[in-house]
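Everything below concerns the one structure shown next.
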Amino acid sequence: MIPTPPPFITQFPSLLPPNKTLFFHRTLILLITFFAYASFHASRKSPSIVKSVLGPELPLNGTDPVRDSGSIEMGWSPFNGSRGTHRLGELDLGFLVSYSIGMYFAGHLGDRIDLRVFLTIGMMGSGVSTIVFGLGYWWDVHRFVFFFVVMVVCGLFQSIGWPCVVAVVGNWFGRDKRGLIMGVWNSHTSVGNILGSVIASWMLDYGWGWSFVLPGLLVMLMGIVVYGFLAMSPDVVGFESDDGGVELMEESDTRDHEKAMEGESLSLLQSKSVEDSGFIESNAKKSNDAIGFLEAWRLPGVASFAFCLFFSKLVAYTFLYWLPFYIRHTAVAGVHFSHRTAGMLSTIFDIGGVIGGILAGYISDRIEARGITSIIFLSSSIVALLLYRIYGSISIFANTALMFLSGSLVNGPYSLITTAVAADLGTNSAVGGNARALATVTAIIDGTGSVGAAVGPLLAGYMSSEGWNSVFAMLILSSFIAQLFLIRVVRTELDDKRAQGKWFWLTRRFS
């Protein structure tokens, strides 16, 4: 499908080149995709905040799990029984399994249809399904199948978001400093989590249904913005040369040789080796063809980072869905927090995630090694998680400081892999700089990670009924396993550094 120009932009010629520069449109793309995906995550945070209201109320005299079903207070049937945490975990499983499965198909479709329209469909469907879940409060629904089906449908619509926004940003930005740019941009995940936590927590006093309705409306509002203003690539808004090759008007005359690449998508994503080579017309046409699913799996590094993200996202999403519940039922300095306070306090983890994502992107750009950066963060996160579990209950200061540290170290590699790494792998020389492979590769990596995201919260729901030490042991083990999948990538990066004469002191040790 040939992409169509955004209708709201076409109504205002002053927003088109040459009236507006490439810098203006790049900034616009970053802002739109940032807030679009932030709204996705804001609505995704609602189940996490509402868990402590829907589920069984654990006794507030310590951190031990409930052993006597008679001590369970009223929540919301069917989640308030002795197996209430199990049901909540299964609800997470339904959402995340459909999300991960839908991710593979969404990426495949995203390489073939108009990303702007496709993303709008995902946002509208996600908003409606989130609102329907909240309406269960006023409809007085107490059937598990209702909530489960709604979450499955919501997961399918939400799966459209990530491949689309990454592909759009990838079409507009180049490889240079991609880690830093996408590290900053990917803070939309944590910003959305914070916004969702604040909205859902504040609305609990008015009925838990509002904690879903307002975030759902927010997603739909951003869907209108996306449909009206989002251009999926530079050529859609007129940054195109006369000979059919796409070229930015602001490029200097020293880049004139790139006009010879007929049919090649404008791609500030291409590596220097691709930019310096000439493609004949037939090769340019081939490079614009969407890549096959199995072919994308065979690209160098895709499988390693995909399975690493499986375990990294398992840890991140366990915190996403269970941290407010954990804070609510864990005494800090002998004091238990209210539902609202626990939800608000959990945003500290996401604030740390913003810093961690930016820092991981910056470091990986400076040392030019995504795998090494990821493994450093993963190994450090093991220590942080252990400290948070042991010392987090000593004082509010210790709790927030260690929560912040854990958030930055857990979300650092998760952010890096889902953005800069996915964009690197989706546009490397193995696919001839094919930007249309980007959504497929992104979907494979994040889809595989989403399977881990489904497993983590489910296991936490079952393990938490036996105690939180087992949950943290699972998280620490997952972080360790994630590092194992990066060993080959790290060795390759070290070999490259040695070939370049860099890091000699370190590469000699690992040779």
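Source: prediction; values computed, not measured.
Ion pairing between D365 and R370 holds under the 4.0 Å rule for side-chain N and carboxylate O.
In this pair, Y137 and W208 present their aromatic rings perpendicular. The plane angle is above 60°, beyond the 30 to 60° band. By the 30° and 60° cut-offs, the orientation of the rings of H329 relative to F325 is tilted. Taking the six-membered ring where the residue is Trp, W185 and H188 present perpendicular rings, their angle passing 60° and hence far from 30°. Relative orientation of the H41 and Y317 rings is perpendicular, given thresholds of 30° and 60° on the angle between their planes. Using bins of under 30°, 30° to 60° and over 60° for the plane-to-plane angle, the ring pair F95/Y321 lands in the tilted bin.
A donor-acceptor contact shorter than 3.5 Å links the side chain of S395 to the backbone of A398. The backbone N or O of I327 sits nowhere less than 3.5 Å from a side-chain atom of T330 that would complete a donor-acceptor pair. Here the side chain of S129 pairs a donor or acceptor atom with the backbone of S126 at under 3.5 angstrom.
Side-chain polar atoms of Q158 and S98 form no donor-acceptor pair below 3.5 angstrom.
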Taking it one step at a time, do F147 and F79 satisfy ring-ring contact (aromatic ring centres under 6.0 Å, His included)? CA-CA 11 Å; F147 297 106; F79 306 108; 5.6 Å; yes
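Judged by the 6.0 Å distance and 45° axis criteria, R44 is positioned over the aromatic ring of Y99. A cation-pi arrangement is found for R116 relative to Y227, the charged atom lying closer than 6.0 Å to the ring centre and inside a 45° cone about the ring normal.
Side chains of L135 and W138 form a contact here, defined as non-hydrogen atoms less than 4.5 Å apart.
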